[in-house]
Amino acid sequence: MKKLKRITSALGILSLLVIVLTACGSRKSLSQQDVLQNDRANNTITWGVKADTKLFGLMDVKDNQVKGFDVDIAKAVTKRVLGKNGHAKFVQVTSQTRIPLLKNGNIDAIIATMTITPEREKQVDFSQSYFDAGQSLLVKEGSSIKSVKDLNKPGTKVLGVTGANSVANIKKFAPKARVLELSDYAQAMTALKSGQGAALTTDNGILYGMATQNPGYQVVGGAFTKEPYGIAINKGQGDFKAEVNKALKEIEADGTYNRILKKWFGNVPGFDYKEAAR
Ligand code: GLU
């Protein structure tokens with residue numbers, strides 16, 4: 001009798017497994033799904049944006065909305081791709097989580113201060129670039145660090161964020177420095193303020209945003225790399241990518257892009273945003 005029970009329960013588990021597996025099999029895998037078609041059906045594009053990066057994507061605790069240049073570009077692109085009533089949904093990403101979230105299908109596109117690099121192009125596709133940043137340094141006012149060369153000494157600590165290409169770049173430009181990686185820009189700024197590093201390094205636009213929020217800190221050393229930002233999209237989504245590129249061209253042509261650029265960077269002391277404009 002016991003044996004019979006065991007056999008029936010084993011059969012039960014087996015049939016459950018078959019049901020689950022069939023259910024999974026009938027769902028299209030991510031690479032088979034058409035993002036543009038899905039987004040049109042739901043009238044929504046889901047964007048991965050930063051939420052800790054002033055000027056590009058920053059959470060406003062007053063109304064729980066992310067705000068910034070990337071967010072506004074995403075909204076404008078959404079309206080061009082889906083129509084006037086198209087909805088842009090925002091999911092918070094960090095430099096480290098953005099590619100995995102895209103590849104897992106949690107988001108349709110990344111618009112998050114992301115440089116188009118050959119390594120990343122092996123994993124994801126990029127739109128045309130929409131902003132030309134360059135890597136720079138943020139230091140305490142009066143610091144002896146004036147340029148990236150000053151960091152190239154043993155014992156000098158530089159702060160960066162995991163998943164940012166700025167970390168690899170600094171290893172190239174100041175190989176003797178030690179890089180301390182934090183998980184996001186808010187934490188990197190806290191680390192700079194508590195004296196854990198001589199400088200914080202990332203793109204100039206991001207650093208100018210931090211400088212406006214943190215009196216007593218300044219951007220130095222000019223831009224020592226070129227960081228063209230692109231919108232990242234999963235490979236195999238050619239129709240969606242074409243629509244995003246078309247939308248970017250349209251917002252450049254009709255003045256929307258310049259309006260958004262001026263809104264976010266027009267009053268940032270020291271930042272020549274016209275150099276970054278497309
Ligand atoms: N643009 C650089 C990058 O894509 C640094 C900014 C960031 O961490 O997002 O890695």
Side-chain angles (χ1 to χ4, degrees), residues 47-59 66-74 90-103 107 109-138 148 151 158-174 179-192 197 199-213 219 221-233 261 264-265 268 271 273 275-278:
W47 299 89
V49 292
K50 292 283 181 76
D52 70 332
T53 308
K54 194 174 162 69
L55 300 178
F56 291 92
L58 184 70
M59 178 61 76
V66 265
K67 294 173 185 174
F69 175 72
D70 281 343
V71 174
D72 281 354
I73 296 288
F90 295 107
V91 171
Q92 178 176 342
V93 301
T94 66
S95 304
Q96 192 177 18
T97 63
R98 59 193 163 192
I99 290 184
L101 285 172
L102 179 67
K103 296 202 121 192
I107 50 179
I110 303 167
I111 183 156
T113 66
M114 188 169 180
T115 304
I116 303 167
T117 68
E119 296 76 49
R120 288 173 180 163
E121 278 178 320
K122 287 181 199 149
Q123 304 184 62
V124 296
D125 276 352
F126 282 100
S127 70
Q128 64 181 70
S129 76
Y130 66 91
F131 190 84
D132 278 331
Q135 189 168 339
S136 195
L137 306 170
L138 184 71
V148 69
L151 295 172
V158 188
L159 305 163
V161 165
T162 309
N165 64 347
S166 340
V167 169
N169 288 342
I170 207 78
K171 286 180 183 159
K172 221 165 25 197
F173 283 85
V179 187
L180 227 74
E181 289 183 33
L182 285 302
S183 58
D184 61 34
Y185 286 105
Q187 292 204 30
M189 188 66 219
T190 308
L192 181 69
L200 192 167
T201 191
T202 184
D203 302 333
N204 46 6
I206 301 176
L207 295 177
Y208 278 105
M210 291 174 156
T212 60
Q213 262 182 323
V219 182
F224 54 89
T225 68
K226 283 193 163 47
E227 307 293 331
Y229 290 177
I231 296 174
I233 290 164
L261 192 74
W264 290 102
F265 302 105
V268 180
F271 184 47
Y273 70 92
E275 276 201 359
R278 297 304 302 163

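Remember, it's 1-based here, ligands and their atoms both numbered in the order they're listed.
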Check: Is it true that atom CD of Gln213 has more than 12 heavy atoms of other residues, nucleotides or ligands lying nearer than 6.0 Å?
Finding: yes
Note to self: Taking 4.0 angstrom as the limit and counting only heavy atoms of Met114, give me the atoms of ligand 1 inside it, by number and element.
What the structure shows: 4 (O)
Notebook entry, point to check: Taking atom NZ of Lys103 and atom CD1 of Ile110, what is their separation to the nearest 0.5 Å?
Noted result: 10.0 Å
Checklist line | Contact atoms of ligand 1, heavy-atom distance to Thr202 under 4.0 Å | finding: 5 (C), 6 (C)
Margin query: Which residue and atom name correspond to the protein heavy atom nearest atom 3 (C) of ligand 1, and how close is it?
Written below: Asn165 OD1, 3.2 Å
Next item on the list: Just jot down the ligand 1 atoms closer than 4.0 angstrom to any heavy atom of Tyr229, in number order.
Entry: 1 (N)
Next item on the list: Go through ligand 1 atom by atom and flag the ones less than 4.0 Å from a non-hydrogen atom of Ala112.
Entry: 9 (O)
Check: Rounded to the nearest 0.5 Å, what separation is found between the CG atom of Leu180 and the CG atom of Leu192?
Finding: 11.5 Å
Note to self: If I take atom CG from residue Leu58 and atom CG from residue Asp70, how far apart are they, to the nearest 0.5 angstrom?
What the structure shows: 12.0 Å
Next item on the list: Indicate, as side chain, backbone, both or neither, the part of Ala133 found under 4.0 angstrom from ligand 1 when only non-hydrogen atoms are considered.
Entry: neither
Next item on the list: Determine, step by step, whether Lys171 and Val179 satisfy the side chain to side chain contact (heavy atoms under 4.5 Å, CB included) criterion, reporting the C-alpha distance in whole Å, the side-chain angles of both residues, the deciding distance to 0.1 Å, and the verdict.
Entry: CA-CA 8 Å; Lys171 286 180 183 159; Val179 187; 4.1 Å; yes
Note to self: Any nitrogen or oxygen of Ser95, side chain or backbone, less than 3.5 Å from one on ligand 1?
What the structure shows: yes
Note to self: Check for me whether Ile206 has a heavy atom closer than 4.0 Å to any atom of ligand 1.
What the structure shows: yes
Note to self: I need the Ile116 CD1 to Asp125 CG distance, nearest 0.5 Å.
What the structure shows: 11.0 Å
Next item on the list: Mind checking whether Thr113 contacts ligand 1 via backbone (N, CA, C, O), side chain (CB onward), both or neither, at a 4.0 Å heavy-atom cut-off?
Entry: both
Margin query: So for Asp203, does at least one of its heavy atoms come nearer than 4.0 angstrom to any atom of ligand 1?
Written below: yes
Checklist line | Proximal ligand 1 atoms for Lys50, defined as those under 4.0 Å from one of its heavy atoms | finding: 7 (C), 8 (O), 9 (O)
Notebook entry, point to check: Asn165 and Glu227: side chain to side chain donor-acceptor pair (under 3.5 Å), yes or no, with the steps?
Noted result: CA-CA 9 Å; Asn165 64 347; Glu227 307 293 331; 3.0 Å; yes
Checklist line | Phe56 and Phe265 aromatic ring geometry - parallel, tilted or perpendicular at 30°/60° bounds | finding: tilted
Next item on the list: Report the C-alpha separation of Trp47 and Val71 in whole Å, then their side-chain angles, then the decisive distance to 0.1 Å, and conclude whether the side chain to side chain contact (heavy atoms under 4.5 Å, CB included) test is met.
Entry: CA-CA 9 Å; Trp47 299 89; Val71 174; over 6 Å; no
Item checked: Atoms of ligand 1, numbered as shown, that sit under 4.0 Å from any heavy atom of Ser166 -> 5 (C)
Note to self: Quick check on Arg98 - does any of its heavy atoms sit under 4.0 Å from an atom of ligand 1?
What the structure shows: yes
Margin query: Checking contacts here: is it the side chain or the backbone of Ala164 that comes within 4.0 Å of ligand 1, counting heavy atoms only? Could be both or neither.
Written below: both
Check: Can you tell me the protein heavy atom closest to atom 4 (O) of ligand 1 and the distance?
Finding: Arg120 NH1, 2.8 Å
Next item on the list: Output the distance between atom NZ (Lys50) and atom CZ (Phe90), rounded to the nearest 0.5 Å.
Entry: 15.0 Å
Notebook entry, point to check: Under 4.0 Å from ligand 1, counting heavy atoms only, is it the side chain of Gln135, its backbone, both or neither?
Noted result: neither
